[in-house]
There are 2 protein chains.
Amino acid sequence: MNWIEGVIGTLNKERHRITRPRSNLLHIIAGYRSPFTAEQLYADVQGKHPSIGRATVYRTLDLLHSRGWLARVHRDDGEHAYVVADSRHQHYLVCKACGDVTAFEGCDVDSLLGGLARRLGFEIEGHWLEAFGRCRRCSHTSTPA
Amino acid sequence: MNWIEGVIGTLNKERHRITRPRSNLLHIIAGYRSPFTAEQLYADVQGKHPSIGRATVYRTLDLLHSRGWLARVHRDDGEHAYVVADSRHQHYLVCKACGDVTAFEGCDVDSLLGGLARRLGFEIEGHWLEAFGRCRRCSHTSTPA
DNA sequence: GTCACTGCAAAAGGTTTGCAACGGA
DNA sequence: TCCGTTGCAAACCTTTTGCAGTGAC
């Protein structure tokens with residue numbers, strides 16, 4: 001629940017309002033353990049709170065993403081999905097079988113890119129790294145866990 | 001022009017046809033020096049060959065991408081763009097100022113991810129790495145080169 | 001001549017926007 | 001009360017699809 005508290009703190013600080021639809025969305029989002037798309041969230045929301053509109057879902061995702069509370073994950077097909085994020089810089093291992101996401105830091109990529117950048121005279125401002133594969137459970141079974 | 005020849009060779013081998021619209025598209029694509037979107041390509045095509053339809057543009061991009069002749073680049077906003085690619089595995093440095101793309105191989109990321117994967121029991125099948133920043137020219141000027 | 005390819009138009013997604021009403025602070 | 005937020009519906013934008021006609025081989 002720490003994530004939710006963090007988000008609410010931020011919103012308060014910025015004079016945003018903690019409305020009921022917003023709060024409902026936050027709780028559903030906090031419950032996800034894999035990346036989710038906007039439409040998926042909308043569908044889930046409809047189940048519990050049918051009165052919440054599609055626009056609210058999109059606007060909320062936008063808000064959370066712009067504040068760094070959600071990270072975008074690029075799916076194979078280019079569709080964008082979101083994952084709950086803390087504010088540190090992270091990368092993701094995405095399991096193709098079960099959809100599970102493992103985040104990792106310890107970003108040695110920085111030094112890798114650093115050397116490269118020096119060589120090319122490129123000034124790096126940010127990067128995106130994501131790996132796809134099968135998580136421990138799924139690599140031991142033929143079907144998703 | 002090497003890229004075009006390569007593409008045509010592949011298409012021939014696979015019993016695809018080198019039609020006039022296809023050929024026109026190839027030439028325009030080969031001329032790009034930055035990532036381009038489908039709509040951008042369509043617009044450019046319209047200028048020179050107004051009779052070519054949107055569907056053909058999308059279908060051609062799809063074909064080229066599926067054969068590895070075009071690589072997808074994720075833009076900041078999540079929009080997908082394409083860059084001319086050869087068949088090796090590559091990563092890209094994308095200049096935010098001028099849009100220039102520098103590809104690099106020497107993928108030390110593999111070893112980095114390898115260690116990580118072992119630790120987590122994750123079986124990696126592929127990864128995506130992309131860096132954003134300013135290229136040599138643009139980091140020396142305030143305006144895009 | 002065959003069949004991959006084409007343009008068109010319509011449909012299908014996914015996302016954004018305008019607006020009047022609503023309701024947190 | 002004030003103004004950020006909401007739901008709705010319509011608009012938008014990008015991409016896909018069905019189909020009859022076309023043209024590369």
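Each chain gets a letter, A, B and so on, in the order the sequences are listed, and its residues count up from 1.
Atom CG in B:Leu61 sits roughly 13 Å away from atom C1' in D:dT16 (whole-Å rounding). Taking atom OH of B:Tyr58 as the reference point, atom P of D:dC13 lies 12 Å away to the nearest angstrom.
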Please tabulate, one pair per line, each protein N/O and nucleotide N/O from nucleotides 22-25 of chain C that are separated by under 3.5 Å, including the distance.
| residue | atom | partner | partner atom | Å |
| --- | --- | --- | --- | --- |
| C:dG23 | N2 | A:Arg17 | NH1 | 2.4 |
| C:dG24 | N2 | A:Arg17 | NH1 | 3.4 |
| C:dG24 | N2 | A:Arg17 | NH2 | 2.8 |

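With sequence neighbours excluded, no residue forms a side-chain hydrogen bond (donor to acceptor under 3.5 Å, both in side chains) with B:Ser51. For B:His16, the side-chain hydrogen bond (donor to acceptor under 3.5 Å, both in side chains) partners two or more places apart in sequence, or in a different chain, are B:Arg67.
Checking A:Asp62 against B:Pro21, the closest nucleotide of DNA chain C that is more toward the 5' end is the one next to B:Pro21.
When each of C:dT15, C:dC8, D:dT6 is scored by its nearest atom to the side-chain atoms of B:Ala55, the top-ranked nucleotide is C:dC8. Side-chain atoms of A:Ala38 lie closest to C:dT15 of the nucleotides C:dT15, C:dC8, C:dG18.
A distance of 8.5 Å separates NE2 in A:His65 from CG in A:Asp62, rounded to the nearest 0.5 Å.
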Run the side chain to side chain contact (heavy atoms under 4.5 Å, CB included) check on A:Ile28 and A:Leu41 step by step: do they pass? CA-CA 8 Å; A:Ile28 292 181; A:Leu41 174 57; 3.7 Å; yes
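For A:Arg59 and D:dG4, a side-chain-to-base donor-acceptor distance below 3.5 Å is absent, hydrogens and geometry of angles not being considered.
No donor-acceptor pair closer than 3.5 Å links the side chain of B:Arg54 to the backbone N or O of B:Tyr42.
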